[in-house]
Amino acid sequence: MSVATSNIFSMSNGQAADIANVTGMSLGDFRSSIIEAVKQGLRISALFGQPIEEGRLRLWAVLSHDARSVVHLLHADLDGDRYDSITPDCPQAHWFEREIFEQWKVKPCGHPWLKPIRFHAPYGQASQGRAEPLPEIGVTDFFGIEGCEVHEVAVGPVHAGIIEPGHFRFQCHGENVFHLEISLGYQHRGVERKLAGGPDRRTIHYMETLSGDTSVGHSLAYSELTEALSATSTPAKAQVLRGVALELERIANHTGDLGALAGDVGYLPTLSYCGRIRGDVLNMSALICGNRFGRGLVRPGGIGFDIDGDRRDELLRRLDLLEKDLSVAVGLLWNSSSVMARFEGTGTILRRDCLAMGLVGPAARACGVEQDIRRDMPHSIFQLYQIPVSTCPTGDVFARGYVRWLEIQRSVAFLREQLRGLPGGAAQLSPRPLQPGRIAVSLVEGWRGEICHVALTDSQGKFARYKVVDPSFHNWFALAYALRGQQISDFPLCNKSFNLSYCGHDL
Amino acid sequence: MLDILWARLQQKHRTIEFPDGPPPALSDRYQGRPAVFAEKCDPACSLCEQVCPTGAVLRNPLGIDLGKCLFCGACAPLCPSRAIIFSNDYRVAESSRENLVVAAPERPAGQIVAAGAKRLFAKSLKLRQVSAGGCNACEADTNVLGTVGWDLGRFGIQFVASPRHADGLLITGPVSENMRLALLKTYRAVPEPKVVILVGSCAISGGPFIDHEEVHNGAGGLLPVDLHIPGCPPSPLAILDGLLRLTGRIS
């Protein structure tokens, strides 16, 4: 065991612990522990502030040690409104530190790129009597390049398609992109602020709308978290059906993405077929719970909808049709030289840079990084069934597409086996109240990558702090990075190959 | 080349027949328009009100405001007198905000949408979509109408890239403060006459984010609205139904 993490509190994914048992340390040790741990291959899954007594802030870090299937928890208390930034020695902390700066007005000194990520009033300041005016969305000191024939292209927040809003600034020389800066926050709805003090009757609906295309992923992370905090066990049948819902969500979104990638290179057959097939997958979720996005299905203590033999058989029947239609539709892509010529070598990210940025999900696996919460931090049904990790070494648009196709096939195999062996028994138990003074971490491999939820309960068993890290939070910077040296006309293609969530980031 | 043609044959013709034929089958668990039996309601009981996440349940007399309802169905099984039952009826679109309050077992006749009021756009309706804090579910189920399964283009309805090419806006999301200005600018860029369509409970009332200081409780307070399509999200069929009623294609 390394020096850095040997003395730091650790636990498994989906467990809870007494906050009092978690390692507190000086800010200097906190900083050096994170830097050293990341050097040794651990990842920052969360890094956030929690207000404690007398207006002071406590910094928390959740470090994932994939090779050992543990998460490390550490915290340090701040005395003033500044500390030495971690980012210069550990780039993957950069977005987290910008978030801390924006939420709590605590300055990470030495941060090379310190500006808002969501453009909202700091937490804890009431709407009346603010000390300073609200930040104006999209108004910041964008990175600029000057020189002969260099020009700037600004896109958004309202885009051309049916898509969420964000602002993109390209520094171009002709067609060539020197630099892209992505400015988000347009979708900010203040969810994380409202989660404190819960859970209440709205909490599960916040989870299902944090990022609507990941309703199952986020509601699963939340449910497992509250089950850990309340020492509630989940029936076997519910665990299986939650896994089924999670993989259906993955197949639906990956299918849509493969179609959209085809559309962005003007290859219409796969675009048309995948658009329709994606709807068929959503309708499979609707067969289980009535909602195409799986809303209402995952609930603390189990699942909101049980399925019987007939419904199971219908799902299996549709799965066969889906597999056949999809392999024909997607197979066209890999056999079309005009498609492959546009996919290969576009928007490449090197494995080294992927690790430095701390990417997650298919974007990381497409850089040859074997990393998947379902295998590395197995929880629930994934402790019993191991889905092979799908990787591709090339780091380009092709790799991000091909990894999706591999994952679809493995998810289909998972669904078939789980549905055939569907256990009996209860599907829902009554969740118990949350225990006071506890902390829990829940990691779920959503279709975009690692979803991380962290909750701390107060002395009443209510959320003192609830932190959500959507996979997009890790990956938005990678899209900007992938555009360097690319043609600006390849932006839609690169963008779709990541297909990140705006609202999941903006919260 | 041959494999492209073979794939085309294998994928078959998939466009739904609706509205000339029957609508596509919805899941039997789909929660559509609720039936409300106000006379069965016990005024002393408030279980439905207590469980509702968005304050969509009105009492004395009993009613459900579809503009706020997430269609989660949490209220119905709690009611001891079964005064609320969610049906499979996808027809939930209304022109007027007031008509979104359901207080009867049956859908009142002639109140669906002011059908034909926008006959100007009966054969061609170009829309610009603006997501203003939407979670991407309403957006996704609007987008799906463009796929071969639904083929929105056969009704002359199309989503266009610029508001200057559009006849109106289709808005999703609770209208975050950070999108307010962009939404208003986009609206102003649409030439007159223009329509505004709100899709999803967020755009109508704020949905799960009602009364957050970061949002504006939907677009109704900011813009004149021609059509409300409630749901979280509304199914593609509910959205299509609303659009076809608005343009007078069905009544």
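Each chain gets a letter, A, B and so on, in the order the sequences are listed, and its residues count up from 1.
Taking the six-membered ring for Trp and thresholds of 30 and 60 degrees, A:F168 and A:Y502 have ring planes more than 60 degrees apart, a perpendicular arrangement. Between B:H212 and A:Y206, the ring-plane angle classifies as tilted under the 30° and 60° cut-offs. Ring planes of A:Y466 and A:Y222: tilted class, angle from 30 to 60°.
A salt bridge links A:D213 and A:R448; the closest N-O separation between the charged side-chain nitrogens and carboxylate oxygens is under 4.0 Å. Ionic pairing of B:R14 and A:D325 is present here: one or more N-O contacts between side-chain nitrogen and carboxylate oxygen are shorter than 4.0 angstrom. Looking at A:R317 and A:D313, no side-chain N of the basic residue comes within less than 4.0 Å of a carboxylate O on the acidic one, giving no salt bridge. By the 4.0 Å N-to-carboxylate-O rule, A:K194 lies too far from B:E214 to be salt-bridged with it. Salt bridge status for A:E314 with A:R311: absent, with no side-chain N to carboxylate O gap under 4.0 Å.
Contact record, B:L198 with B:A203: CD1-O, 3.4 Å, taken as the closest heavy-atom pair. Shown here for B:F209 and A:R202, the closest heavy-atom pair between the two residues is C-NH1, 4.0 Å. Shortest non-hydrogen contact noted between B:Y90 and B:A238 is O-CB, 3.4 Å.
When each of A:R295, A:H159, A:E136 is checked for heavy-atom pairs under 4.5 Å with chain B, A:R295 comes out on top. For the set B:V175, B:D3, B:L26, the count of heavy-atom pairs under 4.5 angstrom toward chain A peaks at B:D3. For the set B:L183, B:L181, B:L170, B:V148, the entry with the most heavy-atom pairs within less than 4.5 Å of chain A is B:V148. For the options B:G133, B:S235, B:A140, heavy-atom pairs under 4.5 Å to chain A are most numerous at B:G133. Among B:V130, B:D28, B:T186, B:T142, the residue with the largest count of heavy-atom pairs under 4.5 Å with chain A is B:D28. The most heavy-atom pairs under 4.5 Å with chain A, out of B:Q10, B:Q31, B:E139, B:Q129, come from B:Q10. No other option in A:P135, A:P269, A:G185 has as many heavy-atom pairs under 4.5 Å with chain B as A:G185. Interface check for chain A: of the options B:G173, B:A132, B:P233, the most heavy-atom pairs under 4.5 Å are formed by B:P233. Chosen from A:H188, A:Q187, A:H205, the residue pairing most often with chain B at heavy-atom distances under 4.5 Å is A:Q187. Highest contact tally toward chain B, considering only A:D200, A:I288, A:L282, A:D506, is held by A:I288 [criterion: heavy-atom pairs under 4.5 Å].
Of the possible polar contacts, one joining the A:S219 side chain to the A:V216 backbone as a donor-acceptor pair under 3.5 Å is found. With hydrogens and angles ignored, the 3.5 Å screen pairs a side-chain donor or acceptor of B:K194 with a backbone N or O of B:Y187.
Heavy-atom distances place the side chain of B:F159, and not its backbone, under 4.5 Å from chain A. Only the side chain of B:V144 has a heavy atom closer than 4.5 Å to any heavy atom of chain A. With a 4.5 Å cut-off on non-hydrogen atoms, B:P163 does not touch chain A at all. With a 4.5 Å cut-off on non-hydrogen atoms, B:R128 touches chain A through its side chain but not through its backbone. When heavy atoms are compared at a cutoff of 4.5 Å, B:V160 approaches chain A solely by way of its backbone atoms N, CA, C and O. Interface remark: B:I210 contributes backbone and side-chain atoms alike to the contact with chain A (heavy atom separation under 4.5 Å). Residue B:S131 touches chain A through both its backbone and its side chain, counting heavy-atom pairs closer than 4.5 Å. Heavy-atom distances place the backbone of B:C52, and not its side chain, under 4.5 Å from chain A. Neither the backbone nor the side chain of B:A74 comes within less than 4.5 Å of any heavy atom of chain A. For B:W150, no part lies under 4.5 angstrom from a heavy atom of chain A. Neither the backbone nor the side chain of B:N88 comes within less than 4.5 Å of any heavy atom of chain A. For A:R278, the part lying under 4.5 angstrom from a heavy atom of chain B is the side chain only. With a 4.5 angstrom heavy-atom cutoff, B:I4 touches chain A via backbone and side-chain atoms both.
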